[in-house]
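Before any comments, here is the structure.
For clarity, every value in this text was computed on a predicted model and none was experimentally measured. Every chain is numbered from 1, with letters handed out A, B, ... down the list of sequences.
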2 protein chains.
Amino acid sequence: MARPREFDEAAVLDAAIRQFWLHGYEATSVRDLADEMGIAGASLYNAFGDKRALFERSLNHYLDQTFRERIRRLEHSLPPRDAIVAFLQEIIKRSLNDKQRLGCLLVNSALEIAPHDEELRQIVATFLREVESFFLRCVTSGQHDGTIPKAQSAEDLARLLSGVLLGIRVLARARPDRKLLEGLVRPVFALLDNAVPAKRLRKARRGAS
Amino acid sequence: MARPREFDEAAVLDAAIRQFWLHGYEATSVRDLADEMGIAGASLYNAFGDKRALFERSLNHYLDQTFRERIRRLEHSLPPRDAIVAFLQEIIKRSLNDKQRLGCLLVNSALEIAPHDEELRQIVATFLREVESFFLRCVTSGQHDGTIPKAQSAEDLARLLSGVLLGIRVLARARPDRKLLEGLVRPVFALLDNAVPAKRLRKARRGAS
DNA sequence: TGCAATATAGAACAAACGATCTAAAATGAA
DNA sequence: TTCATTTTAGATCGTTTGTTCTATATTGCA
């Protein structure tokens, strides 16, 4: 047949993700990309098409590696309410440890390019629905087994959780402050608690641990 | 002395805001800016310094015109809890009417350039604290007069409201969906309601209106 | 009415941009 | 071994970028 690729596609995609993540789409040049990916410009165009197509591949790869992995892992290992709490706490932890202020590539993309590119907007929108339906499954299941109160509809709680998730990521980009982020989610977790007043709950938690 | 300016500084700043808002910082060229502002490139550099300095002026002008105006208006005309509700509803309304998907220049900036420019990050962070302290004043005052429950600390509620505000703006950029945004804030408003179960509250509201 | 000072329009600058071309290298099937 | 096919590195394409220069116009003060 023909000469085979010399590079590992997944590895160079990871490098591309890192560049787009670090500088954003517009501020990343094709030369930066090729250098960091360790391939020549021509190879990049040959293998991925153009800059925009490479970005689309990178974003999809990122969503698979990062978000979908987290959803799978938490949903299969924890009871529904705990999965929600763990999800948000993991996001907070990542935001606080993010010394380079990368933020979240999904959120960054949702703002920088989704509004100017209908196809990418669809990808972002579809994935955001995917996250929301993870929250919805958790809330519905928690309301069934009695660990989450039914005062608010499962749909609205899932919507709120999506919004809070994105809000944390934006806020953390400018103010990576532990008190701020942990305080932000406290009232949300209270909404997921079974109608137990906050004071009694704190006392109960201290007793348990 | 010397020859006077031929353009109105506030007017050309508005045009600059529109360009940065529409395309983002990186994707807006100085030629685009000068054309839309109706001045020559040299005049732009003479009057504002460089592209980055013009952006800083634009952002500050935007924050004054849009956000600070809204905070002043609502805080002086409405009781605290209503001011919070009106603030979020106004953001939702703007997001749904935003045919050009401009989003919010503050949120866009917080993600595109704040992480790469320490001085602009400070401006964004300081303003975000300003918004949070508006929410804090409202919640504290509402908790005092009994219109907002004290189950959650005023600080945490203000933090949550900030996060929800940003979350709405990001979500709306990719999914400008009324059900999503209005559903998102419903549980938040419930947190601000005086421990009245949702069912009784809906009934009471129907009776009142 | 000069004169210093600033604003203007438009050309010009080097550098960087996304993308492509050229020619050599590497492969498996015939 | 030949050949069609693909990948590679590096030069190169025409644009566009942010910024500055040149030359002219316009002002208030002396």
For DNA chain C, what residues of residues 110-124 of chain A have any heavy atom nearer than 4.0 Å?
none
What is the distance from CG of A:D50 to P of D:dT15, rounded to the nearest Å?
19 Å
Hey, does the side chain of B:E112 reach the backbone of B:E26 with a donor-acceptor pair shorter than 3.5 angstrom?
yes
So, does A:K51 use its side chain to make a donor-acceptor pair with the main chain of A:T28 at under 3.5 Å?
yes
A:K51 atom NZ is separated from C:dA19 atom C1', nearest whole Å, by 12 Å
What one should report as the nearest heavy-atom pair of A:N60 and A:R68 is O-NH1, 4.4 Å
Should the pair A:Y25 and A:F55 be assigned to parallel (<30°), tilted (30 to 60°) or perpendicular (>60°) ring geometry?
perpendicular
Grab the OH-C1' distance between B:Y45 and C:dA9 for me, whole Å please.
16 Å
One should read off an interatomic distance between A:R159 CZ and B:D177 CG, to the nearest 0.5 angstrom, of 7.5 Å
What is the distance from CZ of A:R5 to C1' of D:dT5, rounded to the nearest Å?
13 Å
Give the rounded distance in Å between these two atoms: CZ of A:R52 and C1' of C:dA19.
16 Å
Rounded distance in Å - CZ (A:F55) to P (C:dG18)
14 Å
Closer than 4.0 angstrom, basic N to acidic O: yes or no for B:R81 and B:D145?
no
In residues 22-41 of chain A, which residues come under 4.0 Å of DNA chain C by heavy atom?
A:T28, A:S29, A:V30, A:R31
Which heavy atom of B:D32 sits nearest to which heavy atom of B:Q19, and what is that distance?
CB-NE2, 3.8 Å
Closest-nucleotide 5' rank along DNA chain D - winner of A:F7 and B:G49:
A:F7
State whether B:S43 places a side-chain N or O below 4.0 Å from either non-bridging phosphate oxygen (OP1 or OP2) of C:dT8.
yes
note: B:L44, atom CG; D:dT17, atom P; distance rounded to Å ~ 14 Å
Answer yes or no on whether A:R70 is positioned over the face of A:F87, meaning its NZ or CZ is under 6.0 Å from the six-membered ring centre and within 45° of the axis.
yes
Would you find a donor on one side and an acceptor on the other, under 3.5 Å apart, between the side chain of B:R173 and the backbone of A:L111?
yes
Ignoring hydrogens and geometry, is there a side-chain-to-backbone donor-acceptor pair from A:N108 to A:L102 under 3.5 Å?
yes
Using atom CD of A:E6 as one end and atom C1' of D:dT8 as the other, report the distance to the nearest whole Å.
6 Å
Quick one: does any side-chain atom of B:W21 pair with a main-chain N or O of B:G103 as donor and acceptor, under 3.5 Å?
yes
Among residues 8-19 of chain A, which contact DNA chain C at a heavy-atom distance under 4.0 Å?
none
